[in-house]
Amino acid sequence: MTLVTNAVDVARYRAPTSRPTDLPEGRVALYLGTLHRDRLDLDLCVETARTLAGVATLVFVGPVALDPKERDRLVSAGAALLGARPFTRVPGYLQHADVLVVPHVVDAFTDSLDPLKLYEYRAVGRPVVATPVAGFRASTDVLIDSVAAERFPAAVLQALASPAATSNAPPSADIPTWESQVALMAEVIDRAQHGTTHR
């Protein structure tokens, strides 16, 4: 069996872009993706935003599918909710974050995912702190720190203090691209066709 994972356009995510004007001033720990309770650990997000107060801002970029009370909790804790942004602007937000975060719940649903943000985050070469969800938990990328929820806020603070938070690392050579995955899928189809032919 061959696993064909998601991928990313590494070249597009590595092409330098200017800092988005709507990013808060100062240091930023950024989450990219839809804000939804089936993925986000809201309590952890609130705790992280409060822990970062005076050091950095926890920023969320993506469609907001939270109810008004949940949004208010995040904003009251000091987080910034920027909402959805065009996909063409996404690399700029990731490139100019000091740390990228994945404060997800860990359950059967999140374990069933192959998150696109794993590939997008890795492509820009920024430090990543994630709860131990699928993809991030098993990653061997030195820039990814997968930690339990109780350690998450402190790990984000530690990542902000790391030298890696001040410079972009070159992308790892093993990041799947869409071209490589199309080629892999073509091989799988070819093997299946030949297997069927010879039966």
Given side chain to side chain contact (heavy atoms under 4.5 Å, CB included), test Arg39 with Phe109 step by step and report yes or no.
CA-CA 8 Å; Arg39 298 188 189 194; Phe109 172 66; 3.8 Å; yes
Roughly how far, to the nearest 0.5 Å, is the CG atom of Leu118 from the CZ atom of Phe136?
4.5 Å
Checking Thr131 side chain against Val102 main chain: does a donor-acceptor pair fall under 3.5 Å?
yes
May I ask whether Val128 and Val105 are part of the same hydrophobic cluster, defined by side-chain heavy atoms of I, L, V, M, F, W, Y residues being less than 4.5 angstrom apart, directly or through others?
no
OH of Tyr93 to CG of Leu82, rounded to nearest 0.5 Å, is 6.0 Å
Let me confirm one number: the CZ-OG1 distance from Arg89 to Thr17, rounded to the nearest 0.5 Å.
10.0 Å
Quick one: does any side-chain atom of Arg14 pair with a main-chain N or O of Val124 as donor and acceptor, under 3.5 Å?
yes
Taking every non-hydrogen atom, the tightest pair across Pro153 and Thr48
CG-OG1, 3.7 Å
Checking His96 against Leu30 for the side chain to side chain contact (heavy atoms under 4.5 Å, CB included) test, could you report, in this order, the C-alpha distance in whole Å, the side-chain angles of both residues, the deciding distance, and whether it holds?
CA-CA 9 Å; His96 291 277; Leu30 187 138; over 6 Å; no
Taking Leu44 as the starting point, is it possible to reach Leu40 by hopping between hydrophobic residues whose side chains are less than 4.5 Å apart?
yes
Short side-chain to backbone donor-acceptor contact, Tyr121 and Val101, under 3.5 Å
yes
For the pair Ser139 (side chain) and Gly135 (backbone), establish whether a donor and an acceptor sit closer than 3.5 Å, ignoring hydrogens and angles.
no
Let me have the donor-acceptor pairs involving side chains of residues 51-70, under 3.5 Å, with sequence neighbours excluded, atom names and distances please.
from: Thr51; atom 1: OG1; to: Glu47; atom 2: O; distance (Å): 2.8
from: Asp67; atom 1: OD1; to: Lys69; atom 2: N; distance (Å): 3.0
from: Asp67; atom 1: OD1; to: Glu70; atom 2: N; distance (Å): 2.8
from: Glu70; atom 1: OE1; to: Asp67; atom 2: N; distance (Å): 2.9
from: Glu70; atom 1: OE2; to: Arg37; atom 2: NH1; distance (Å): 3.1

What closest approach, in Å, do Leu100 and Ala97 show between heavy atoms, and which atom pair accounts for it?
CD2-CB, 3.6 Å
Show your working on side chain to side chain contact (heavy atoms under 4.5 Å, CB included) between Tyr13 and Leu94 and close with a plain yes or no.
CA-CA 8 Å; Tyr13 276 76; Leu94 298 181; 3.7 Å; yes
Start with the C-alpha distance between Gln158 and Val147, add both sets of side-chain angles, then the distance that settles side chain to side chain contact (heavy atoms under 4.5 Å, CB included), and finish with yes or no.
CA-CA 12 Å; Gln158 183 177 355; Val147 300; over 6 Å; no
Looking at His36, is its backbone amide N or carbonyl O close enough to the side chain of Thr34 to form a donor-acceptor pair, meaning the two atoms are under 3.5 Å apart?
no
Any chance the rings of Tyr31 and His104 have centres within less than 6.0 Å?
yes
Minimal non-hydrogen separation, Asp98 against Leu160, with atom names
CB-CD2, 3.7 Å
Taking all non-hydrogen atoms of both residues, which atom of Lys117 and which atom of Gly33 are closest, and how far apart?
NZ-CA, 4.2 Å
Set of residues satisfying salt bridge (Lys or Arg N to Asp or Glu O under 4.0 Å) with respect to Asp43, sequence neighbours excluded:
Arg73
